Amino acid sequence: MHGEYKVPGGKLVVVDLDVVEGALRDVRVAGDFFLEPDEALFDINRALEGANADLPAPELAARIDAALPEGTVMFGLTSEAVGIAVRRAVANATDWHDYDWQLIHTGPQSPALHMALDEVLTAEVAAGRRPPTLRVWEWDSPAVIIGSFQSLRNEVDSEGAARHGMTVVRRISGGGAMFVEAQSTITYSLYVPDSLVQGLSFADSYAYLDDWVLAALGDMGIKAWYQPLNDIATDAGKIAGAAQKRMVGGNGAVLHHVTMAYDIDADKMLEVLRIGREKLSDKGTKSAKKRVDPLRRQTGLSRAEVIDRMITSFQNRYGCSAGEVTEQELSRAQELAKTKFSSPEWTARVP
């Protein structure tokens, strides 16, 4: 069995092993990390040898920590990362490079249709009818997108939204509200088979699925990191938030989508969103305006150029061919946009 795990912001960890009568055997850890002293690598292998194959990553990490000699130094590597690589090996997890990725980047579409496309394309990947796909969104109107479990009245000032002509829609994933203006927002979705995140905890999958965009931001001169559970941040403030939805059926699939602030009208946002004191205190700031620091200011690049560089970075890492939404997918999405995502019943399902 073979498992790989790229430590977010770190190095690649590779584990080859066998499972015999429920125990790990012939464990061999490798990778492009740095480890001192050299002999610590063999201590890691010995710590894993004979372990119960069902142990979760934190318990495997604890075995490794207990076996490492005092003064061991790891660069680009953690004991838990090794544990995750083991879990991925046992689960027969796939890797980014195992797939022929498709890119969808079309013209502006309505907020409701975007919500519907996320549901339809994730289901198509789960059913095996669509390859793993990166979709970059373009918006035809301003919108507020609330999470699946958020209270409509608690999150959105309906008068403010109406005054600024903003459509309010609810998405299928959890998480917080998104304030969207077409030329001020960059949004993308990943539709991936469940096997790509096998062996990862729910929290770890967030960082794993967005490691590529941290690299893309780095190429644009932005030092960014993942701030658990679902934010991408810099020293200057938050620049993006992520959300996920897991779908069963077929082989299973994961929807992972991210909204990035290219620019933002903070005054307008505060007139539309009800950002509570509890949320602000959790983020360590007293001002909603200071929570977000736009990419426009940090990069000096146009929105289109930021998107192009992100796509190029993804293509360079994993390969990606141009694709499109099929007629059948679009027809189903249009139906859902009308009957579900534009309906008061869905939008106000949590009043």
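Computed from a prediction, not measured in an experiment: that's the story for all the values here.
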request  = Test R332 against E329 for salt bridge (charged side-chain N to carboxylate O under 4.0 Å, His left out), laying out the working first.
outcome  = CA-CA 5 Å; R332 175 61 179 149; E329 291 167 341; over 6 Å; no
Carboxylate-amine/guanidinium contact R317 D211, below 4.0 Å = yes
inquiry  = Looking at E59 and R63, is any side-chain nitrogen of the basic one under 4.0 Å from a carboxylate oxygen of the acidic one?
reply    =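 Looking at R63 and E59, the cut-off is not met.
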task = Please confirm whether H257 and Y188 have ring centers closer than 6.0 angstrom.
result =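 Ring-ring flag for H257/Y188: false, centres at least 6.0 Å apart.
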ask   = So, the side chain of N230 versus the backbone of A242: is there a donor-acceptor pair under 3.5 Å, distance only?
value = yes
query = Looking at V86, D26, V29, which one forms a side-chain contact (heavy atoms from CB on, under 4.5 Å) with L17?
reply = V86
ask   = According to the interplanar angle, ranging from 0 to 90°, do the rings of H97 and Y318 count as parallel (below 30°), tilted (30 to 60°) or perpendicular (above 60°)?
value =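 H97 vs Y318 ring planes: perpendicular.
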message = When you measure from the side chain of R28 to the backbone of N45, do you find a donor-acceptor pair of N or O atoms at a distance under 3.5 Å?
response = no
request  = Kindly say whether the aromatic ring centers of W139 and Y262 come within a distance under 6.0 Å.
outcome  =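 Not under 6.0 Å, so no.
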ask   = How far apart are the C-alpha atoms of E159 and R163, what are their side-chain angles, what is the distance that settles it, and do they pass the salt bridge (charged side-chain N to carboxylate O under 4.0 Å, His left out) test?
value = CA-CA 6 Å; E159 293 183 358; R163 184 167 61 253; 5.3 Å; no
request  = From the options Q102, H114, H105, select the one residue that forms a side chain to side chain donor-acceptor pair (under 3.5 Å) with R135.
outcome  =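 For R135, the side chain to side chain donor-acceptor pair (under 3.5 Å) test succeeds with only one of Q102, H114, H105, which is H114.
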remark   = CE (M74) and CG (L68) are apart, to the nearest 0.5 Å, by 5.5 Å
Backbone N/O of L196 and side chain of R88: donor-acceptor pair under 3.5 Å = yes
message = Closer than 3.5 angstrom, by distance alone: can the side chain of R170 be matched with the main-chain N or O of Q150 as a donor-acceptor pair?
response = yes
query = Less than 4.5 Å apart, any side-chain heavy atom of T106 and any of E324?
reply =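 The answer is no, as the side chains (C-beta and beyond) never meet within the 4.5 Å cut-off.
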message = Side chains of S313 and W212: any donor to acceptor distance under 3.5 Å?
response = no
inquiry  = If we ignore hydrogens and angles and just use 3.5 Å, is the side chain of R349 paired with the main-chain N or O of F149 as donor and acceptor?
reply    =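 Such a contact is absent between R349 side chain and F149 backbone.
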request  = Could you tell me whether a side-chain N or O of W101 sits under 3.5 Å from a main-chain N or O of W96, the two making a donor and an acceptor?
outcome  = yes
N/O donor-acceptor pair under 3.5 Å between R297 side chain and G300 backbone =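 Checking the backbone N and O of G300 against the side chain of R297, no donor-acceptor pair under 3.5 Å is found.
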inquiry  = Angle between ring planes, F75 versus F34, binned at 30° and 60°: parallel, tilted or perpendicular?
reply    =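 Geometry flag for F34 against F75: perpendicular rings.
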Parallel, tilted or perpendicular, as decided by the 30° and 60° cut-offs, for the rings of Y5 and Y208 =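 If you compare the ring of Y208 with that of Y5, the planes turn out parallel.
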